Protein chains: 4
Amino acid sequence: MGAVKTKRMPRAVREQQMLDAAVRTFGRRGYMAASMDEIAELAGVSKPLVYLYLNSKESLFTACIRREARALTEAVRTGVRPDLPADRQLWDGLQAFFAHTAEHPDGWSVLHLQARTHGDPFAAEVRAMREEIVAFVTELIVVAAREAHSDPDLPEREVAGLAEALVGAAESLAAWTNATPGATARQSASTLMNFAWAGLSNLMDGRPWSPPVDEVS
Amino acid sequence: MGAVKTKRMPRAVREQQMLDAAVRTFGRRGYMAASMDEIAELAGVSKPLVYLYLNSKESLFTACIRREARALTEAVRTGVRPDLPADRQLWDGLQAFFAHTAEHPDGWSVLHLQARTHGDPFAAEVRAMREEIVAFVTELIVVAAREAHSDPDLPEREVAGLAEALVGAAESLAAWTNATPGATARQSASTLMNFAWAGLSNLMDGRPWSPPVDEVS
Amino acid sequence: MGAVKTKRMPRAVREQQMLDAAVRTFGRRGYMAASMDEIAELAGVSKPLVYLYLNSKESLFTACIRREARALTEAVRTGVRPDLPADRQLWDGLQAFFAHTAEHPDGWSVLHLQARTHGDPFAAEVRAMREEIVAFVTELIVVAAREAHSDPDLPEREVAGLAEALVGAAESLAAWTNATPGATARQSASTLMNFAWAGLSNLMDGRPWSPPVDEVS
Amino acid sequence: MGAVKTKRMPRAVREQQMLDAAVRTFGRRGYMAASMDEIAELAGVSKPLVYLYLNSKESLFTACIRREARALTEAVRTGVRPDLPADRQLWDGLQAFFAHTAEHPDGWSVLHLQARTHGDPFAAEVRAMREEIVAFVTELIVVAAREAHSDPDLPEREVAGLAEALVGAAESLAAWTNATPGATARQSASTLMNFAWAGLSNLMDGRPWSPPVDEVS
DNA sequence: AATGAATGAGGGTTCATTCAT
DNA sequence: CATGAATGAACCCTCATTCAT
């Protein structure tokens with residue numbers, strides 16, 4: 001188990017191996033329960049090397065958070081085409097989000113569970129990423145409202161709350177999707193679009209939101 | 001700071017003081033980072049007494065989880081009148097939920113953040129509570145659909161996903177409410193009802209869900 | 001398990017109950033591993049009462065040693081009639097010894113194992129008892145030599161060593177007797193008499209020591 | 001006091017230092033009363049290093065037992081030449097035994113006192129060594145009987161008891177030798193040979209066992 | 001570029017012992 | 001006569017971190 005012990009690798013590669021090991025360990029054990037010993041062993045290097053490259057446990061954890069946060073936002077950003085209509089953008093973004101979290105459960109655990117349970121150096125890092133996503137969703141809602149010639153009165157605080165709720169629902173569904181056998185990223189995205197876009201009353205009246213037909217990938 | 005150091009209290013009282021201190025400490029520091037020393041000091045007792053009454057860190061944490069879970073479900077149950085229509089029940093339940101989590105942020109942290117971050121003795125405890133709540137919400141959705149003479153069927157798995165999303169959104173909004181100055185339990189409940197019940201499309205068409213007028217308190 | 005919880009007993013009785021519990025616990029767990037909690041519970045009293053009557057763990061252990069030492073020497077003394085010939089006295093004494101240790105394994109463990117493994121307050125106590133027994137055996141050897149019109153030259157130090165060896169063999173056989181199913185006190189006494197009195201060379205020449213026929217009990 | 005504080009030693013050396021310190025501490029204080037702190041200090045290292053190399057108190061104690069048991073049996077084995085007559089082998093073995101135990105009193109305490117006082121991981125270890133020795137002595141008695149054209153049979157159980165008694169006597173004399181000023185290994189061996197081989201009756205008749213004349217050292 | 005050797009500090013747990021009633 | 005309530009001190013063990021090579 002752990003990376004094959006190859007000697008003399010360039011620094012960048014070694015660092016990635018260490019981060020891989022760290023994300024996996026932090027994701028499964030939690031920040032405090034993860035030991036530098038275990039991470040070093042899993043990475044196939046000696047502990048001093050980990051310190052040489054990544055300075056401290058705190059700094060290593062921060063590096064993990066940053067790498068995983070960037071990977072997640074990038075995945076979502078890549079999944080969305082800003083020239084399409086708002087609901088389509090949301091739909092694509094959600095699919096990308098669910099797909100990425102399903103493929104990187106340890107990274108998702110680091111971001112969603114572990115980083116938030118400890119004080120501010122870490123929580124702040126995740127908050128930043130989250131705010132970026134919430135801002136994106138907020139903008140989507142505003143644009144959608146404009147496109148729909150909506151009455152002008154979704155007050156700002158209300159929109160913020162809506163975005164927050166939507167993101168929270170997504171996060172929760174991500175965990176649920178990973179834990180429920182047979183639940184797929186696409187299904188979860190669909191459920192959430194129905195919930196968010198159409199709302200329960202529409203759903204119950206038989207007017208669900210329907211996914212666009214001309215998908216790309 | 002900490003409880004006033006009063007000597008010779010009956011066991012039941014001391015136990016509550018200890019649980020108070022433990023919930024606060026676990027909620028803020030996390031399970032692993034919290035030290036029994038700190039908890040004992042905050043409770044105003046010596047460490048051996050904590051062990052005498054609560055046996056171990058694990059068992060103490062479990063006791064915290066159980067107490068807080070019971071308090072939360074009780075608060076929600078008390079807020080809801082089962083003879084009222086489904087949307088009114090949901091509205092009342094959400095208000096109770098947001099109010100309780102706002103008043104007990106440490107307890108909420110224990111349940112929502114800390115207990116889930118660590119292995120199965122603890123996570124299972126919370127899962128049980130959460131499943132109870134999800135079941136309640138699921139039932140509400142089913143009843144609402146029936147009341148609305150809905151097209152026969154929201155398929156079962158879909159309903160489960162919706163309930164999951166709604167609960168997740170609520171959990172997320174609870175944190176947001178606590179963290180956002182000026183956000184109140186009532187507002188958050190309102191936002192979430194709009195989001196869940198009416199959906200974004202209705203909202204944007206100027207058809208929000210509107211809270212019932214004949215409130216009690 | 002443990003003594004029946006009867007209230008208000010005279011001090012002497014309570015003390016014996018405590019010593020019983022202590023001997024059993026010390027004998028099985030060892031001095032350090034035995035906890036005052038366990039002893040008090042087994043005695044059916046509260047811990048402060050144990051301290052009130054017996055002052056401290058050390059003093060309690062000492063009391064155990066003394067009581068068991070006295071019981072053992074008394075048992076041996078009672079088994080021996082000083083007017084009989086030396087070999088008969090030894091034979092009777094050994095039988096009494098093996099019988100007593102077999103009937104009080106915890107007490108024997110306290111004396112033979114536990115008390116010796118810890119520093120001098122305790123070891124000294126046992127040493128005193130042991131020296132009494134060794135002196136008795138030494139005297140027996142001297143008397144026997146005189147009765148046999150022996151050459152006068154068993155030097156004193158030699159006799160001391162012989163007595164020591166005999167007592168050591170007996171102690172060792174006591175443990176062996178308790179641990180070996182089917183081994184009885186009488187057999188062990190017989191084996192040891194053969195060994196000590198006749199010696200291996202006599203045994204091998206078919207001249208064992210033979211037990212007296214006219215036993216009392 | 002304690003080893004000179006030399007830094008950076010190879011692991012094998014440090015391990016021996018630790019075992020030395022542990023044997024000394026366990027031998028004098030007993031298993032439970034010995035603290036890892038004391039052992040580490042006596043070894044001239046920090047506690048974590050002891051744990052790094054020897055894993056736990058239990059495992060450290062076991063390592064001590066094994067090392068001392070091996071050293072003792074090796075010493076006896078080395079002292080005996082299997083081509084010599086049985087009584088000579090016994091004589092040589094006893095001398096080696098008394099010499100070794102006198103030179104390693106702490107090791108002997110670990111084996112004879114401490115290890116037996118605590119439960120089965122440890123006691124079993126010593127039992128194994130002891131059984132090896134008892135088997136050796138048993139064989140010696142059987143061979144001696146054959147050499148002496150003994151009446152056909154000392155029954156098997158009887159021989160077992162005799163060997164047990166002889167070994168027990170030796171163990172007991174070992175302690176006595178260490179504790180009695182002026183008692184030497186050679187004298188104790190001689191006393192025990194007389195006792196065991198000739199028996200008291202022969203001794204008292206002036207027919208002691210006499211040590212062989214052509215000794216090596 | 002990499003590591004074997006080593007430690008200060010702290011955490012969970014238990015125990016003998018004592019008040020105050 | 002008897003005890004529920006409480007603690008100071010110590011012990012085993014682990015961890016993040018560094019030095020010398």
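Worth saying up front: this structure is predicted, and the values here are computed from it rather than measured. Chain identifiers are assigned alphabetically (A, B, ...) following the order of the sequence lines, protein sequences preceding nucleic acid strands; residue numbering begins at 1 within each chain.
Going from atom CD of B:Glu15 over to atom C1' of F:dA6 covers 14 Å, rounded to whole Å. With rounding to whole Å, D:Glu38 atom CD is found 13 Å from F:dA10 atom P. Rounded to an integer number of Å, the gap from CG of C:Asp37 to C1' of F:dT3 is 13 Å. For the pair A:Ile39 CD1 and F:dC15 P, the computed distance is 11 Å after rounding to whole Å. In this entry the distance linking CE of A:Met36 with C1' of E:dG4 reads 17 Å, nearest Å. When rounded to the nearest whole Å, the span between CE of D:Met9 and P of E:dA5 equals 11 Å. Between the CD atom of D:Glu41 and the P atom of F:dC12 there is a distance of 14 Å, given to the nearest Å. In this entry the distance linking NZ of C:Lys47 with P of F:dG4 reads 11 Å, nearest Å.
The structure places CG of C:Leu111 at 11.0 Å from NE2 of C:His104, a figure rounded to the nearest 0.5 Å.
Across C:Ile39 and C:Met18, no two heavy atoms sit closer than the pair CG2-O, 4.3 Å.
Judged by closest nucleotide on DNA chain E, D:Pro48 is the one of D:Pro48 and C:Ala33 placed further toward the 5' end.
Taking the ring centroids of B:His112 and B:Trp108, they lie under the 6.0 Å cut-off.
Of all the residues in residues 49-61 of chain A, A:Tyr51, A:Ser56, A:Lys57 reach under 4.0 Å from DNA chain F with at least one non-hydrogen atom.
Backbone-only engagement by B:Arg11 is indicated by non-hydrogen atom pairs under 4.0 Å involving sugar-phosphate atoms exclusively. Among the atoms of the strands shown, only primed sugar atoms or phosphate atoms (P, OP1, OP2) are found under 4.0 Å from some heavy atom of A:Ala34.
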Practice item. Fill in the dot-bracket string of DNA chain F, one character per base: . for unpaired, | for a pair to another strand, ( ) or [ ] for pairs within the strand, taking Watson-Crick or G-U pairs under 3.5 Å. Key: .||||||||||||||||||||
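D:Glu38 and D:Arg29 are joined by a salt bridge, as a carboxylate oxygen and a charged side-chain nitrogen come within less than 4.0 angstrom of each other.
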